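Take a look at the structure set out below.
Just so you know, ligand 1 is whichever comes first in the structure, and atom 1 is the first atom listed for that ligand. Values in this document were obtained by computation on a predicted structure and should not be read as measured data. Numbers here are sequence positions counted from 1.
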Amino acid sequence: MNDPHLPLSLLEAKVPRHVAFIMDGNGRWAKQRGLPRSFGHASGARRVRSLVEHAIDRDIPFVTLFAFSSENWRRPLEEVSTLMSLFVLYLEKEVKDMNVNGVRLKVIGDLSRFDARLQKLIAQAEAVTAHNTRVTVTVAANFGGRWDLVQAMTRWQAAHADQPAAEMSEDALKPFLSMAYAPDPDLLVRTGGESRVSNFLLWQLAYTEMYFTDVLWPDFSPEQFDRALAWFVKTDRRFGGVSQKVST
Ligand code: FPP
């Protein structure tokens, strides 16, 4: 699809298969406007849809969003409730359109801590969208990269009770990780001015290009997304090897 933000020739050269987002800056966005933090989160949640649509326009098949980390329970109860309500609202409101737009929804994280209603909504939304193939949108909720590694090792061990731990290779563990169904992210975008991974997809980010921007999440528009994609196009991914670029 034509878009004035990015020369098409550039994008066609290198489209990431998987873009992961750390959506930071909702609170500051609200504060700048003299509004309660919950307004920032609501605005941030509204932002998600336009970015998923933009990923579809750009033929990006996997989008992952860090919505709630294992550490976010430390926030004031009221804020945690706001985030949970927004998640419920998102699931209730968007699922119909997800089917129209070919969105498969996946939710990763320790869901056992969520209330029964939310768990049921998540399971329903995943089931109803399971057949869609245009884009897989993964929402990481009560997720932590360290938690994921521990749960993968625990499940590997349960499945291989007769084998010693020395048999646990990278390839053996991979199918037990939460995102086993997706390629590793090619590009991580973190908004809100911090440059850290914050216990997100620790295993999967091993070779990911990282784009950090001061833009606050509710302001991260499709145009900003294109800027990140244009930056990604110029990166030289070596995966521990040597440059693929032809030297002159
Ligand atoms: C970080 O901003 C943002 C979060 C902890 C939550 C992100 C959640 C949403 C955007 C809404 C729900 C998502 C979906 C997919 C429905 P912050 O509060 O840390 O901001 P600050 O650093 O400015 O305080």
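- In the candidate list A67, A42, G44, A67 is nearest to atom 8 (C) of ligand 1, counting heavy atoms.
- Side chains of R146 and S70: no donor on one and acceptor on the other come within 3.5 Å.
- Heavy-atom proximity to R75, at under 4.0 Å, picks out these atoms of ligand 1: 5 (C), 17 (P), 18 (O), 19 (O).
- Under 4.0 angstrom from ligand 1, there are no non-hydrogen atoms of L216.
- Between T129 and V103 there is no side-chain heavy-atom pair separated by less than 4.5 Å.
- R155 and Q151 share a side-chain donor-acceptor pair at under 3.5 Å.
- Nearest protein neighbour of atom 1 (C) of ligand 1, counting heavy atoms only, is M23 O, 3.1 Å.
- No part of K31 comes within 4.0 Å of ligand 1, judged by heavy-atom distances.
- Relative to the six-membered ring of W29, R33 meets both conditions, a distance below 6.0 Å and an angle of at most 45° to the axis.
- For ligand 1, the atoms sitting less than 4.0 Å from at least one non-hydrogen atom of R28 are 21 (P), 22 (O), 23 (O), numbered in the order shown with element in parentheses.
- Counting the atoms of ligand 1 from 1 in the order shown, those under 4.0 Å from a heavy atom of L83 are 6 (C), 8 (C).
- When all heavy atoms are compared, the tightest approach of L187 to A228 is CD2-O, 4.1 Å.
- Not a single N or O atom of F87, backbone or side chain, sits closer than 3.5 Å to an N or O atom of ligand 1.
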Worked check of salt bridge (charged side-chain N to carboxylate O under 4.0 Å, His left out) between R117 and E92: CA-CA 11 Å; R117 177 174 169 234; E92 285 177 342; 2.8 Å; yes

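- If you run side-chain hydrogen bond (donor to acceptor under 3.5 Å, both in side chains) between S50 and each of R47, E53, H54, R46, only R47 comes through.
- Listed by number with element, the atoms of ligand 1 under 4.0 angstrom from any heavy atom of N72 are 5 (C).
- Contact annotation: the side chain of R58 approaches that of D226 to within less than 4.5 Å [non-hydrogen atoms, C-beta and beyond].
- Close contacts of ligand 1 with R37, meaning ligand atoms under 4.0 Å from a residue heavy atom, involve 17 (P), 18 (O), 24 (O).
- Regarding atom 10 (C) of ligand 1, its nearest protein heavy-atom neighbour is N26 ND2, 3.5 Å.
- Taking the side chain to side chain contact (heavy atoms under 4.5 Å, CB included) definition, one finds that D186 meets it with P16, R17, H18, F232, R237, sequence neighbours left out.
- When only non-hydrogen protein atoms are considered, atom 12 (C) of ligand 1 lies nearest to A45 CB, 4.2 Å.
- Numbered from 1 in the order shown, with element, the atoms of ligand 1 that lie under 4.0 Å from a heavy atom of Y90 read 16 (C).
- Ligand 1 has at least one atom lying under 4.0 Å from a heavy atom of G25.
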